[in-house]
Amino acid sequence: MHIRVINPNTTAGMTATIGEAARRIAAPGTHISATQPDAGPVSIESHFDEAISAVGVLEEVLAGEREGADAYVIACFGDPGLMAARELTRAPVIGIAEAAFHMASLISTRFSIVTTLGRTGIIAEHLLEQYGFRHHCRRVRAAEIPVLDLEENGDAALSRLIGECRRARDEDGIGAIVLGCGGMADLTDEIAREVGLPVVEGVTAAVKLTEALVGLGLGTSKHGDLAFPRPKAFFGRFAHLSEL
Ligand SMILES: NC(=O)NC1=NC(=O)NC1=O
């Protein structure tokens, strides 16, 4: 099977990190394509960044449809464009936040999220509500690291992340930790060793969930709100979408 793992930001180093993490746990026979939009923010740290990045995510799904992808992962913790992406394909589309919440709920009764900047915490809180995991999550914490520090200042970022994960372990009454950024995809094992709790990371969780869905012959329903969009004219820089 072919899974298109989409990094919604435009930082190639993070796309590589995400792709390597996905390939490490992919089953034999699963081909991973790690891609990113040609245009958009270098990192996603706000509602504005998310909104702009969603267009790039949808362009990447349309490219995947042309190339015959069997499933898609949206590898940003805000799951930007998730529902719109599902309208574009019969394949499974999984967001890394959604995947991490599901997996963490299967191994613990309560988890905390440790994300990058505090200002992105509300995005995770909205997703917990939207996906029905509000009561599973004790707290959304932030290590207060800019997303690109994970690439450019890795040691300091890891140290801050481990510190915040230890506080979550000691203060939150939890059984697991969810890492709240696609850029943390290569840090799972080290953080789990240092903190002594199961650590759930969304890219790897989403890859295994899409493998399970494809293996079960399940894909995005086309009955109801996730049916293909009604054809219509688009103007300006989106004119090419008129031929959907
Ligand atoms: N909460 C986050 O840090 N979200 C993210 N921003 C990115 O650019 N990638 C993420 O996963």
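We count ligands from 1, going down the list as the structure has it; atoms in each ligand are counted the same way. Just so it is clear, the model here is predicted, and its values are computed rather than measured. We use all heavy atoms of the structure for the numbers below, so side chains are in, but hydrogens, waters and symmetry mates are not. Here, residue 1 is the first one in the sequence, and each next residue gets the next number.
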Q: Could you check whether the rings of Phe111 and His136 sit parallel, tilted or perpendicular, using 30° and 60° as the cut-offs?
A: parallel
I'd like to check which ligand 1 atoms, numbered from 1 as shown, lie under 4.0 Å from a non-hydrogen atom of [X].
X: Ser43; answer: 8 (O)
X: Gly180; answer: 1 (N), 2 (C), 3 (O)
X: Thr116; answer: 1 (N), 2 (C), 3 (O)
X: Gly182; answer: 10 (C), 11 (O)
X: Asn9; answer: 7 (C), 8 (O), 9 (N)
X: Ile44; answer: 4 (N), 5 (C), 6 (N), 7 (C), 8 (O)
X: Thr115; answer: 1 (N)

Return the minimal non-hydrogen interatomic distance between [X] and [Y], and the atom names on each side.
X: Lys222; Y: Arg86; value: NZ-O, 2.7 Å
X: Met1; Y: Asp70; value: CA-OD2, 3.3 Å
X: Thr115; Y: Gly180; value: OG1-O, 2.8 Å

Q: Answer yes or no: does atom CZ of Arg119 have more than 12 heavy-atom neighbours from other residues, nucleotides or ligands under 6.0 Å?
A: no
Q. Is Val147 touching ligand 1 with its side chain, its backbone, both, or neither, if touching means heavy atoms under 4.0 Å apart?
A. side chain
Q.
Would Met14 count as being in polar contact with ligand 1, using the rule that some N or O on each side must be under 3.5 angstrom apart?
A. no
Q) Say you draw a straight line from OG1 of Thr220 to CZ of Arg90; how long is it, rounded to the nearest 0.5 Å? A) 10.0 Å
Q: Would you check if there is a donor-acceptor pair between the side chains of Glu45 and Thr116 at a distance under 3.5 Å?
A: no
